[in-house]
Amino acid sequence: MPYSALHRGQGARWSLGDAMRPSRHANAFVIAALGITTFVAGCSSSPEAPVDRPHSSVPKREKATGPLQKQGKAPVVTVGKTASYSAASGATGARTTFSVTFHAAKYVTASEISAGKPKGRYAVITIEVTNTGSRDGSFHPYGFMKWEGGNTVTQGVATLYSTGTQRVDSTYHPGEAVTGDIVLDVPHKGGKVSYYEGRRTASLTFVMPSK
């Protein structure tokens, strides 16, 4: 057989066998295609990824630890009248309800109550304090009663002088009541005396007589 024919036959046989074997490039292509298909299928079946959202700037409300005290003007009481207000226990701060009856008010001299010289003039108010709530509460007027009226500067007026009556400065159990006097050193007759109970806003206001 001529060499050229043999050469062509061998070339043909080699080319046919080589064509039957997959090339490395084809294998790489198939593997890559399978990988992409698997990835896409996995993504479509997996749950939706969480989306980052900005946090709300509104703070959470804190839980209240006790009854809230309503803000507003203090109850005003005149001679012969009764008013109620929210009082607190000096030991625990728990709130309860007090009623105060303003029985009388009179202006006296220093000698009448065996007291020293006043800055202005002495006034004695007689009140009845009752704990009408369900918890203990305190009433401590000394240092927490302020007088105001006209163009005079607001000032503290409670004194430690006593007329010999029961002391109303005390802690009261539910239902307990005490009637007694408070001696005040006021600038002049009239005006108003407010009880603050250590707060910025008054708890109760007494209208003082002008005579």
Side-chain angles (χ1 to χ4, degrees), residues 63-110 112-116 118-149 154-186 189-210:
K63 294 182 180 180
T65 56
L68 297 178
Q69 175 68 21
K70 293 183 179 181
Q71 297 297 323
K73 293 183 178 180
V76 177
V77 58
T78 57
V79 174
K81 302 296 182 179
T82 301
S84 297
Y85 73 95
S86 175
S89 168
T92 65
R95 306 206 72 83
T96 187
T97 304
F98 272 22
S99 71
V100 177
T101 301
F102 192 5
H103 286 297
K106 62 179 181 179
Y107 298 98
V108 299
T109 63
E112 289 180 89
I113 56 174
S114 302
K119 295 179 180 179
R121 65 184 311 147
Y122 288 118
V124 177
I125 62 173
T126 303
I127 64 173
E128 181 180 353
V129 181
T130 305
N131 183 345
T132 57
S134 58
R135 299 178 179 177
D136 289 353
S138 302
F139 183 79
H140 300 301
Y142 179 72
F144 297 103
M145 299 193 78
K146 297 181 180 181
W147 182 95
E148 60 181 325
T154 301
Q155 54 193 281
V157 291
T159 73
L160 292 175
Y161 291 117
S162 172
T163 61
T165 62
Q166 286 185 283
R167 293 179 61 86
V168 293
D169 185 333
S170 182
T171 295
Y172 293 75
H173 301 302
E176 188 175 2
V178 173
T179 300
D181 293 340
I182 301 176
V183 179
L184 308 174
D185 185 348
V186 298
K189 294 181 179 181
K192 298 178 181 180
V193 175
S194 296
Y195 171 57
Y196 280 81
E197 197 186 45
R199 299 183 301 164
R200 293 183 179 181
T201 55
S203 299
L204 187 67
T205 298
F206 301 90
V207 178
M208 299 296 292
S210 58

Short question: side chain of [X], backbone of [Y] - any donor-acceptor pair under 3.5 Å?
| X | Y | answer |
| --- | --- | --- |
| Ser162 | Gly164 | yes |
| Asp185 | Gly120 | yes |
| Thr154 | Glu148 | no |
| Tyr142 | Asp169 | no |
| Trp147 | Leu184 | no |
| Tyr107 | Pro209 | yes |

Kindly give the heavy-atom pair with the smallest separation between [X] and [Y], and that separation in Å.
| X | Y | result |
| --- | --- | --- |
| Glu176 | Thr171 | OE1-O, 4.0 Å |
| His103 | Val79 | O-CG1, 3.6 Å |
| Ser84 | Thr97 | CB-CG2, 4.4 Å |
| Ala110 | Pro118 | CB-CD, 4.4 Å |
| Arg135 | Ala94 | NH1-CB, 3.6 Å |
| Thr179 | Val168 | C-CG1, 4.2 Å |

- Item | Phe98 ring center near Tyr172 ring center (under 6.0 Å) | yes

- What's the verdict on side chain to side chain contact (heavy atoms under 4.5 Å, CB included) for Val193 and Thr205, showing C-alpha distance, side-chain angles and the deciding distance? CA-CA 6 Å; Val193 175; Thr205 298; over 6 Å; no

Spatial distance of atom [atom1] ([X]) from atom [atom2] ([Y]) [nearest 0.5 Å]:
| X | Y | atom1 | atom2 | result |
| --- | --- | --- | --- | --- |
| Thr159 | Met145 | OG1 | CE | 10.5 Å |
| Ser203 | Phe144 | OG | CZ | 10.5 Å |
| Leu204 | Ser86 | CG | OG | 12.0 Å |

- Taking the side chain as every heavy atom from C-beta outward, state whether Tyr196 and Lys146 have any pair of such atoms under 4.5 Å apart. yes

- Task: Indicate whether the side chain of Thr96 and that of Asp136 have a donor and an acceptor atom separated by less than 3.5 Å.
- Result: no

- Note on the structure: Paired with Val183, the side-chain contact (heavy atoms from CB on, under 4.5 Å) test is passed by just one of Ile125, Val108, Ile113, namely Ile113

- Message: Check the orientation of Tyr85 and Tyr195. Use parallel for under 30°, tilted for 30 to 60°, and perpendicular for over 60°.
- Response: perpendicular

- Message: Using the rule given for side chain to side chain contact (heavy atoms under 4.5 Å, CB included), can you reason through Lys189 versus Arg121, listing the C-alpha separation, both sets of side-chain angles and the distance that settles it, and then say yes or no?
- Response: CA-CA 8 Å; Lys189 294 181 179 181; Arg121 65 184 311 147; 3.7 Å; yes

- Salt-bridge criterion met for Glu197 and Arg95 (N-O under 4.0 Å): yes

- Task: Take Ile182 and Val124 through the test side chain to side chain contact (heavy atoms under 4.5 Å, CB included) and record every step on the way to the result.
- Result: CA-CA 6 Å; Ile182 301 176; Val124 177; over 6 Å; no

- Task: Evaluate the criterion ring-ring contact (aromatic ring centres under 6.0 Å, His included) for residue pair Phe206 and Phe102; output intermediate values, then yes/no.
- Result: CA-CA 8 Å; Phe206 301 90; Phe102 192 5; 5.2 Å; yes

- Any chance you could lay out the side chain to side chain contact (heavy atoms under 4.5 Å, CB included) test for Val76 and Val207, step after step, and finish with the verdict? CA-CA 7 Å; Val76 177; Val207 178; 3.4 Å; yes

